[in-house]
Student: 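Quick one: this structure, given as structure tokens, is what I'll be asking you about.
Since this is a predicted model, take the numbers as computed values, not measurements. Quick note: numbers below take in every heavy atom, side chains included, and nothing from hydrogens, waters or symmetry partners.
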Protein chains: 2
Amino acid sequence: MLSKKTKYGIKALTYLAKQENKTPVQIATISKSENISLKFLESILLTLRKNGVLGSKKGKGGGYYLLKDPSEIQMTSIMRILEGPISMVPCVSLNFYEKCDDCPDENACAVHNLMLEVRDSTLQIFRNTSLADLCKC
Amino acid sequence: MLSKKTKYGIKALTYLAKQENKTPVQIATISKSENISLKFLESILLTLRKNGVLGSKKGKGGGYYLLKDPSEIQMTSIMRILEGPISMVPCVSLNFYEKCDDCPDENACAVHNLMLEVRDSTLQIFRNTSLADLCKC
DNA sequence: ATTTTACCCTACTTAATTAATAGGGTATGC
DNA sequence: GCATACCCTATTAATTAAGTAGGGTAAAAT
């Protein structure tokens, strides 16, 4: 299941991407528009800022803004920052690999090979989808 | 993330599918072979039996066995029984649909549409993969 | 008939994670 | 210098995952 953190994060990002100009948007504005708890959203946007997706400005007229063009923000990076691994099992993860305790041979493991297929197809979607693509809905 | 329940369940099913004859296999045998906690595996196999995937026989010489041919057991049904929804958000689920609290219009929701794509591609893999296919590894 | 085998079932527990909430601190602009 | 709006840490309630405990029951072997 996708966490609310990721869901809210993506919604906030599309909100920012839809802005005409690049002036900062306040957390409270996004919070109200997207029905997201203000404090929870605050921590999510902070995470995105720390990972180089967003910039921020303090004080009056401050807020958050995208650091790159929406077309250059891939869903793979957003998912990895907010949700963590894209694969369903650590043993097929590219960025968060971990060996299974119970499994002596990965290549002979049915679960491994099935989840490898799932990861590949999911990854392909995330790689081919940018924030700009999401805004077309 | 895939739960251990599902992972162990799939491993146990492939173990049963690989049997030459259709004589029942004891829980303890699978438990040892696949490095799965006996009691945990017991509850998993019970779930699979209650959902019509496995049959069981009590007493000496008893155990669990597949009710259908491995080629007729789709991964979609196994995933739904053990893991639950295949989609990452309830609002794109075919079998476990739920409306989002925060979202006024699903069709305009970026997360919804992205996860719809992911669900479709994942579903296609699970539909095209049978237990027999898993055993080919 | 009795014993052994092996599944059947309920309840409990521990740890981790999620989704917040609380409560201040700090930089910025007017 | 004061209001604004982000920055940061800590705490918490609820849920789920992953087992663990302990006994019950049906079937087969003796």
Student: B/Leu45 CG to C/dC9 P: how many Å, rounded?
Tutor: 13 Å
Student: Take B/Ser87 and A/Met1 through the test side chain to side chain contact (heavy atoms under 4.5 Å, CB included) and record every step on the way to the result.
Tutor: CA-CA 7 Å; B/Ser87 41; A/Met1 277 289 173; 5.7 Å; no
Student: Write down the distance between NZ (A/Lys60) and P (D/dC6), rounded to a whole number of angstrom.
Tutor: 14 Å
Student: With respect to the phosphate group of C/dA19, does any side-chain polar atom (N or O) of A/Tyr8 fall under 4.0 Å of OP1 or OP2?
Tutor: no
Student: If I take atom CE in residue B/Met1 and atom C1' in nucleotide C/dA16, what distance separates them, rounded to the nearest angstrom?
Tutor: 14 Å
Student: Contact class for A/Ile27 (heavy atom, under 4.0 Å): base, sugar-phosphate, or nothing?
Tutor: sugar-phosphate
Student: In terms of side-chain geometry, is the basic nitrogen of A/Lys4 or B/Asp102 positioned less than 4.0 Å from the acidic oxygen of its partner?
Tutor: no
Student: Quick one: does A/Gln26 reach the base of D/dC6 with a side-chain donor-acceptor pair under 3.5 Å?
Tutor: no
Student: Calculate the interatomic distance between B/Lys57 atom NZ and C/dC7 atom P; express it in whole Å.
Tutor: 12 Å
Student: Once you apply a heavy-atom cut-off of 4.0 Å, does A/Lys7 come out as touching a base, just sugar-phosphate, or nothing?
Tutor: nothing
Student: Can you check whether B/Tyr64 has a side-chain N or O nearer than 4.0 Å to OP1 or OP2 of C/dA6?
Tutor: no
Student: According to a strict under-4.0 Å criterion, is A/Ser56 in side-chain N/O contact with OP1 or OP2 of D/dA5?
Tutor: no
Student: Quick one: is C/dT21 close enough that its OP1 or OP2 comes under 4.0 Å of any side-chain N or O from A/Ser37?
Tutor: yes
Student: What is the nucleic acid contact for A/Lys4, judged by heavy atoms within less than 4.0 Å: base, sugar-phosphate only, or nothing?
Tutor: sugar-phosphate
Student: Side chain of A/Glu42, base of D/dC6: donor and acceptor closer than 3.5 Å?
Tutor: no
Student: Checking side-chain hydrogen bond (donor to acceptor under 3.5 Å, both in side chains) for the pair A/Ser3/A/Glu83: CA distance, chi angles, key distance, verdict?
Tutor: CA-CA 7 Å; A/Ser3 68; A/Glu83 191 74 6; 2.9 Å; yes
Student: Indicate whether OP1 or OP2 belonging to C/dC9 is found under 4.0 Å from a side-chain N or O atom of B/Arg49.
Tutor: yes
Student: Nearest whole Å is fine: how far is C/dT28 P from A/Tyr65 OH?
Tutor: 11 Å
Student: Within the side chain of B/Thr14, is there an N or O that forms a donor-acceptor pair under 3.5 Å with the backbone of B/Ile10?
Tutor: yes
